[in-house]
Q: 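Sharing a structure below in C-alpha cells format, with a few things to ask.
Per chain, numbering begins at 1; letters A, B, ... match sequence-line order.
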Amino acid sequence: MYALVDCNNFYCSCERLFNPMLEGKPVIVLSNNDGCAIARSEEAKALGISMGTPAFMIREIVKNHDVKVFSSNYTLYGDMSDRVMQTLAGFVSRLEIYSIDEAFLDMHNMEHTNLLKLGIQIRRTVIKNTGIPVCVGIAPTKTLAKMANRYAKKRWREVGVHWAANQDLIDEMLAATEVGNIWGIGHQYALFLKTNGFKTALDFVGAPEEWVRVNMSVVGQRLYNELKGIPAIKWQFEARTKKNICTSRSFGSLLTDKALILEAACNYTANCALKLRQQNSCAREVIFFLQTNPHRTEDKQYMMSIKLKLESATNNTPELIKYVSKGFELIYKPGFNYLKCGVIVDSLVPESEVQYSMFSDVDDGKTKRVNSAIDSINRNIGKETVRFAVQGFEKKYRLKAEMLSHRYSTNINELIKVTR
DNA sequence: TCTGGGGTCCTAGGACCC
DNA sequence: TCTGGGGTCCTAGGACCC
C-alpha cells in the first residue's frame, strides 16, 4: 500500500498559522510578481476564485468580501514543509517527498495493520506538531493513493482520510472520479477521453488495453495499470540531480532598457550557476530567452530564444555570464516592451566528469575556490552579498511582492510579536 | 496598471553509421 | 524486373505535474 499525504491549501494554511485572525476568512496567496491566485482557502474557493485566476480579475471579489491576499513567501512555506516532512518520516521507514506539500509513504508490509487508523493518527500528529492540516489517501498504487487523497478531501472531509482497502472501495472511488481529475490526465487527454465516451475513471479502466496503448502511449498504459491496482510508477526516494535548471522571471514592470534587461539576465545566470554548484553539476549548453507580454495585444510582440554550446562544461558564474551576454546581444532587439527573460542551463554533467577543451587555459582549482568562497559568504551573510558588477545593485526589474508576510520561522528579525 | 516559475518524461523524425 | 535493412543518437515539441 501507498499513502499520499497532502497539505490542505498549503500556502494559505501557512499564512493562517502565524495570523490566527485569518481563521474562517477567505485567504488567497498570489504567484510570483503578485500575478495570479495559486492557493485559496476553502472560503475563497466558495467565493468562486479559481486556481490561476489573475489578481486583477478578482479585484471586485477581494474588495467586496474582504479576502485576505498575500504575496508568496517561499522562505516560510519551505520551512513549514520541512517540518511536516520530518513528522511524516517518523511514521514509516521510507517516504518520497513529491512536492513542497505532498509525500508518498511506503506502507508495504503494513497490510495487516488498520491503515485507516494509522492515517488518522498521522493527520492528528501533523496538525499537533506543525499546525498544518493534511489529508491522507491510502491505496495499492501511487495513482490510486492520489485519488484516495482527493476522495478523502471531497467525500470524507471530517475524517480527512480514505483507505481504498478492497476492490469495492476502489471501484466506488473510480466511479466518483472524472477522467480529468486523474493524476496524469491533463487537459488534452481529458478532452480526448471524453470525446471517446470515457467519462469516469471507472469507464477508463474498462477501455481495451490495446486502444489505450495506441492512443496514449506508454504513459497512458502505465496509468491504466496503476488504476487497475498494478504499480507502474517507481519509488523515487532520493532527490534526483536535475537534468536542466532554469531561472526565469517576469519583470516587476515592462522594460525597454537594454542595460537593465541584461542585468536581469546576468542575475538569473548567477542563480543558475549557484544551483549547478549545489548539485555538483556543470552545463554544456545554455539557453537564453526573451519575450514581450503576449496578453498586451496592443504591443508589438517578440519572442526569441537562443542556445549556445559551451566550449567546455562549467558552473563558473562569470564564464556562464559571458555566454549569456553573447546570446543576449544576438537576440535582443530594441523597440519592444519586454516582460520576461530567462536562462536555462542544459546538458548537465557531473562536475567530476568534465572534459576540458584542448585550448582551455582555465585554472580550474582557482575558479572553484573563488566560487565556493562566494557561495559560502552569500549563504552565511545574505544572498548576493558578493556579486559580479554586471549583476548591478538596484534591481529595478525586481518582481512585485506587495503583500508579503514575515519569515516568522526563519528570520530572527521577523519573529511573531506577542503583546499584552 | 494587470495573466508564475520550475521541472519531468515520451515520441517522431532526421542525421548518421555499417 | 527495379533502388536494403537495421541500428544509434540527438533534438524539438508536446503532454503532464505542483
Q: Using 30° and 60° as the class boundaries, would you call the ring planes of A/Tyr74 and A/Tyr11 parallel, tilted or perpendicular?
A: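 Aromatic pair A/Tyr74/A/Tyr11 classed perpendicular.
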
Q: Of the nucleotides B/dG7, C/dC16, C/dT11, which has the atom closest to the A/Tyr189 side chain?
A: C/dC16

Q: Nearest whole Å is fine: how far is C/dC17 P from A/Asn149 CG?
A: 15 Å

Q: Mapping A/Val218 and A/Tyr11 onto DNA chain B by nearest heavy atom, which one lands closer to the 5' end?
A: A/Tyr11

Q: Once you apply a heavy-atom cut-off of 4.0 Å, does A/Leu223 come out as touching a base, just sugar-phosphate, or nothing?
A: nothing

Q: Do any side-chain nitrogens or oxygens of A/Lys307 fall under 4.0 Å of OP1 or OP2 in C/dT11?
A: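 For C/dT11, OP1/OP2 do not have a side-chain N/O of A/Lys307 under 4.0 Å.
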
Q: If I take atom CD1 in residue A/Ile28 and atom C1' in nucleotide B/dC2, what distance separates them, rounded to the nearest angstrom?
A: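 Rounded to the whole Å, the gap is 14 Å.
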
Q: Can you find a side chain N or O atom of A/Ser248 that sits less than 4.0 Å from OP1 or OP2 on B/dG6?
A: yes

Q: Checking side-chain hydrogen bond (donor to acceptor under 3.5 Å, both in side chains) against A/Thr87, which of A/Asp82, A/Thr125, A/Asn129 comes through?
A: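 One option only clears the test, and that one is A/Asn129.
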
Q: For the pair A/Lys326 and A/Glu329, evaluate salt bridge (charged side-chain N to carboxylate O under 4.0 Å, His left out) and give the outcome as yes or no after the intermediate values.
A: CA-CA 5 Å; A/Lys326 188 173 146 199; A/Glu329 288 300 335; over 6 Å; no

Q: Respond yes when some side-chain nitrogen or oxygen of A/Asn293 is under 4.0 Å from OP1 or OP2 of B/dT3, and no when none is.
A: yes

Q: By nearest atom, which of the nucleotides C/dT11, B/dG4, B/dC2 is closest to the A/Leu254 side chain?
A: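 So the nucleotide nearest the side chain must be B/dC2.
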
Q: A/Ser217 side chain: which of B/dT11, B/dG7, B/dG4 is closest?
A: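 The listed nucleotide nearest to A/Ser217's side chain is B/dT11.
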
Q: Distance check needed: C/dC18 C1' versus A/Lys142 NZ, whole Å only.
A: 14 Å

Q: Using a 4.0 Å heavy-atom cut-off, does A/Asp34 contact any base of the nucleic acid, only the sugar-phosphate backbone, or nothing at all?
A: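 The answer is nothing, as A/Asp34 stays clear of every strand by at least 4.0 Å.
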
Q: Side chain of A/Val219: nearest nucleotide among C/dC17, B/dG5, B/dC10?
A: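 Of all the options, the side chain of A/Val219 is nearest to B/dC10.
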
Q: If you compare every side-chain N and O of A/Lys243 against the phosphate oxygens of B/dC9 (OP1, OP2), does one of them come in below 4.0 Å?
A: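 Yes, because at least one side-chain N or O of A/Lys243 sits under 4.0 Å from OP1 or OP2 of B/dC9.
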
Q: Applying the Watson-Crick and G-U wobble criteria at under 3.5 Å, what pairs with B/dC18? Answer none if nothing qualifies.
A: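 C/dG5 is the nucleotide pairing with B/dC18.
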
Q: At less than 4.0 Å, is any side-chain N or O atom of A/Arg222 found next to OP1 or OP2 of B/dC10? Yes or no.
A: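 Yes, A/Arg222 has a side-chain N/O under 4.0 Å of OP1/OP2 on B/dC10.
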
Q: Given B/dC10, C/dC18, B/dG4, identify the nucleotide with an atom nearest to the side chain of A/Trp183.
A: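 Comparing B/dC10, C/dC18, B/dG4 against the side chain of A/Trp183, the answer is C/dC18.
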
Q: Under 4.0 Å, counting only non-hydrogen atoms across every strand here, what does A/Arg59 touch: a base, just sugar-phosphate, or nothing?
A: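 Touches a base.
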
Q: Between A/Ser71 (side chain only) and A/Glu402 (backbone N and O only), is there a donor and an acceptor less than 3.5 Å apart?
A: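 Confirmed, A/Ser71 side chain pairs with A/Glu402 backbone.
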
Q: Main chain of A/Leu22, side chain of A/Arg16: is a donor-acceptor contact present, judged purely on distance under 3.5 Å?
A: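 Present.
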
Q: Side chain of A/Lys275 only, heavy atoms from C-beta on: which candidate in B/dT3, C/dC17, B/dG7 is closest?
A: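 Taking heavy atoms from C-beta onward, the closest nucleotide is B/dG7.
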
Q: Using a heavy-atom cut-off of under 4.0 Å over every strand shown, decide if A/Leu30 touches base, sugar-phosphate, or nothing.
A: nothing

Q: What does A/Ile185 touch in the nucleic acid at a heavy-atom separation under 4.0 angstrom: a base, only the sugar-phosphate, or nothing?
A: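 Sugar-phosphate: the residue A/Ile185, judged by heavy atoms under 4.0 Å, touches backbone atoms but no base.
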
Q: Given atom CE of A/Met51 and atom P of B/dG5, what is their separation to the nearest angstrom?
A: 14 Å

Q: Indicate whether OP1 or OP2 belonging to B/dG4 is found under 4.0 Å from a side-chain N or O atom of A/Arg249.
A: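 A/Arg249 to B/dG4 OP1/OP2: no side-chain N or O under 4.0 Å.
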
Q: A/Tyr74 OH to C/dC18 P: how many Å, rounded?
A: 15 Å

Q: Within this structure, what is the CD-to-P distance between A/Gln291 and B/dT3, rounded to whole angstrom?
A: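 Taking CD of A/Gln291 and P of B/dT3, I get 11 Å after rounding.
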
Q: On DNA chain B, does the nearest nucleotide to A/Arg240 precede the nearest nucleotide to A/Phe251 from the 5' side, or the other way round? Give the residue.
A: A/Phe251

Q: OP1, OP2 of B/dG5 versus side-chain N and O of A/Asn33: anything below 4.0 Å?
A: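 No.
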
Q: Tell me which one of A/Arg59, A/His65, A/Met57 satisfies side-chain contact (heavy atoms from CB on, under 4.5 Å) with A/Ile61.
A: A/His65

Q: Can you figure out which of B/dG7, C/dC17, B/dT1 approaches the side chain of A/Arg296 most closely?
A: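 Of all the options, the side chain of A/Arg296 is nearest to B/dT1.
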
Q: Just call it for A/Lys309: base, sugar-phosphate, or nothing, with non-hydrogen atoms closer than 4.0 Å on any strand.
A: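 Touches sugar-phosphate only.
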
Q: Over all strands shown, is A/Thr247 touching base, sugar-phosphate only, or nothing at heavy-atom distances under 4.0 angstrom?
A: sugar-phosphate

Q: Just compare C/dA15, C/dC18, B/dT11 and give me whichever is closest to any side-chain atom of A/Arg213.
A: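 The answer is B/dT11, which lies nearest to the side chain.
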
Q: Check this one for me: any side-chain N or O of A/Thr53 less than 4.0 Å away from OP1 or OP2 of B/dT3?
A: no

Q: Before giving the answer on salt bridge (charged side-chain N to carboxylate O under 4.0 Å, His left out), spell out for A/Lys307 and A/Asp346 the whole-Å C-alpha distance, their side-chain angles and the decisive distance to 0.1 Å.
A: CA-CA 10 Å; A/Lys307 175 147 83 178; A/Asp346 207 346; 5.6 Å; no

Q: Could you check how far CG of A/Asn244 sits from P of C/dT11, rounded to whole Å?
A: 13 Å

Q: Can you tell me the distance, in whole Å, between the CZ atom of A/Phe10 and the P atom of C/dC18?
A: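 Atom CZ in A/Phe10 sits about 15 Å away from atom P in C/dC18.
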
Q: Give a yes or no answer on whether the side chain of A/Lys142 reaches the backbone of A/Lys234 with a donor-acceptor pair at less than 3.5 Å.
A: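 Checked: pair present.
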
